[in-house]
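First comes the structure, then the notes that go with it.
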There are 2 protein chains.
Amino acid sequence: MQRLLGQAGISSKWFNMEHIDYCKGAIVFRQAQPCEYVYQVIAGAVRAQKLLPDGRRQIAGFHLVGDIFGLETVATHRFEAVAIVQTTLRLMSRRALDDRVVSEPTAFRALLGVITKSLIHAENHMLLLGCQDSDERVATFLMEMHSRSTSGRVTHLPMSRRDIADYLGLTLETVSRAMAKFRRDGLLKFVDAQRRAVILDRQALAAMADEARLAS
Amino acid sequence: MQRLLGQAGISSKWFNMEHIDYCKGAIVFRQAQPCEYVYQVIAGAVRAQKLLPDGRRQIAGFHLVGDIFGLETVATHRFEAVAIVQTTLRLMSRRALDDRVVSEPTAFRALLGVITKSLIHAENHMLLLGCQDSDERVATFLMEMHSRSTSGRVTHLPMSRRDIADYLGLTLETVSRAMAKFRRDGLLKFVDAQRRAVILDRQALAAMADEARLAS
DNA sequence: CGAAGACTTGATGCAGATCAAAATCCGTGG
DNA sequence: CCACGGATTTTGATCTGCATCAAGTCTTCG
């Protein structure tokens, strides 16, 4: 824990922190709501989503164990954050963080790092949404989850097929079909029904995803 | 000019700046190239793009007069920047800017502001690429250009149909058809062939675009 | 004026959406 | 422990919006 906070240049001793549990589906904060806290995932997973009036939804990303989110440089949240499964979050007062960023160069660097990471992710995701076909999108997603949430040989996918679809700009049926195909082709297998995967051919999936690798 | 720099909290007196002209199609910098300068558009327009090995392309955004770009918090550029038309840029040394950001809180705020703006744009563009249909995308694009590059009643579209298409994740034919439809429906008309438009029904286009307005 | 590039318009094809149904998973309570 | 019921996922059939292919027209500029 201390290590995770340390990575972001944030030490717990300066803040009045508390842990809060959210059950599956609980809303951590809503769009346009004022940012009062910054959050770190202690256990579980959270999705960051934008909603359209007619029900369409875009998921901008998933926050997994260790991730810090809800840190905005504007006054209000631009996404809604929802717990995907039973989740424990550590809350930090945004005001306290603001004060430190002003006074401490290290904290400033950390803030810049967090925002830059979001920006790079968003830029790469634009490429996926604008250019890649469905198999490439799902392969990219699997590689992302593989690098972020693998314990042992098992890659954990805590979110539903619908969540994955809304993240990738596809339908849940298309996601399911792509995964079925990867399974048939021996690139992937599942343990524990559909939320725990083992990547069998990392090379092949990476190649498909890195069709999205930069040229020249 | 001074006013534009001022908006970003950057004053010209601290830097050794120079103006450079780029002809249409000239590359300002390439992907993965080290960031040596920060740029401001004095005249013309620039596109920021990522390329895939097979020729697919995603344009992340357009830089118009007054915009600052090329400012990274990492060592290398993540996009290629290309002049869309004859363009004049003002260059600022990245090193000088870095030094100031460390020593001056105001410059720091300015940096944060520039990056936050990019992030918000990227997040909104993900919604467009992930959820919107072709008419909505083109309407959103027209509203964006309307608010960013209108002089008098004329909205200037310096980029080609292909550029617009690669920005919106469509083909140039689809963009052309959407615009033709808007023209037939009296929402839009063109002066000067196809690069200068007049928005006739701002309400209707905004309504179509703001299908992408946040719910709840 | 001529040629190359840019744009429009039309015809056709297809990847992925939509519709539909069956299979599987999982929590709950007997 | 097992049976039940709702939710989730898979799989199949069909449809459609946009891509692709293909002319033809306009624009720009040497």
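Chain letters run A, B, ... following the sequence lines, proteins first and then strands; every chain starts at 1.
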Can a side chain N or O of [X] be found less than 4.0 Å away from OP1 or OP2 on [N]?
| X | N | result |
| --- | --- | --- |
| Ser134(B) | dC18(D) | yes |
| Thr174(A) | dA17(C) | yes |
| Arg195(B) | dC7(C) | yes |
| Arg183(B) | dT8(C) | yes |
| Ser160(B) | dA6(C) | no |
| Arg161(B) | dT8(C) | yes |

Distance in angstrom units between [X] [atom1] and [N] [atom2], rounded:
| X | N | atom1 | atom2 | result |
| --- | --- | --- | --- | --- |
| Arg196(B) | dC7(C) | CZ | P | 15 Å |
| Phe190(B) | dT8(C) | CZ | C1' | 12 Å |
| Ile164(A) | dT10(D) | CD1 | C1' | 14 Å |
| Glu136(B) | dG17(D) | CD | P | 13 Å |
| Leu129(A) | dG16(C) | CG | C1' | 15 Å |
| Arg56(A) | dA17(C) | CZ | P | 13 Å |
| Arg137(B) | dC18(D) | CZ | C1' | 10 Å |
| Met159(A) | dT8(D) | CE | C1' | 15 Å |

Looking only at side-chain atoms of [X], point me to the closest of [options].
| X | options | answer |
| --- | --- | --- |
| Glu173(A) | dA19(D), dT18(C), dG16(C) | dT18(C) |
| Gln194(B) | dT27(D), dT20(D), dC25(C) | dT27(D) |
| Ser176(B) | dT20(D), dT9(C), dA13(D) | dT9(C) |

Between Phe141(A) and Tyr167(A), what is the ring plane arrangement, given parallel below 30°, perpendicular above 60°, and tilted in between?
perpendicular

Evaluate the criterion salt bridge (charged side-chain N to carboxylate O under 4.0 Å, His left out) for residue pair Arg78(A) and Glu123(B); output intermediate values, then yes/no.
CA-CA 9 Å; Arg78(A) 298 185 301 275; Glu123(B) 288 166 352; 2.6 Å; yes

Could you go step by step and tell me if Glu173(A) and Arg162(A) meet the salt bridge (charged side-chain N to carboxylate O under 4.0 Å, His left out) rule?
CA-CA 9 Å; Glu173(A) 292 94 331; Arg162(A) 172 168 291 282; over 6 Å; no

Heavy-atom nearest nucleotide on DNA chain C for Asp192(A) versus Leu172(B): which residue maps closer to 5'?
Leu172(B)

DNA chain C nearest-nucleotide lookup for Leu170(A) and Ala193(A): closer to the 5′ end is Leu170(A)

Report yes if a donor N or O on one partner sits less than 3.5 Å from an acceptor N or O on the other, where the partners are the side chain of Arg177(A) and the base of dG12(D); otherwise report no.
yes

Does any N or O donor sit under 3.5 Å from an N or O acceptor when you compare the side chain of Arg184(A) with the base of dT10(D)?
no

Are His156(A) and Ser149(A) close enough that a side-chain donor and a side-chain acceptor fall under 3.5 Å?
no

Can you tell me if Arg202(A) has over 12 outside heavy atoms packed within less than 6.0 Å of its CZ?
no

Within 6.0 Å of OH in Tyr39(B), more than 12 heavy atoms from elsewhere:
yes

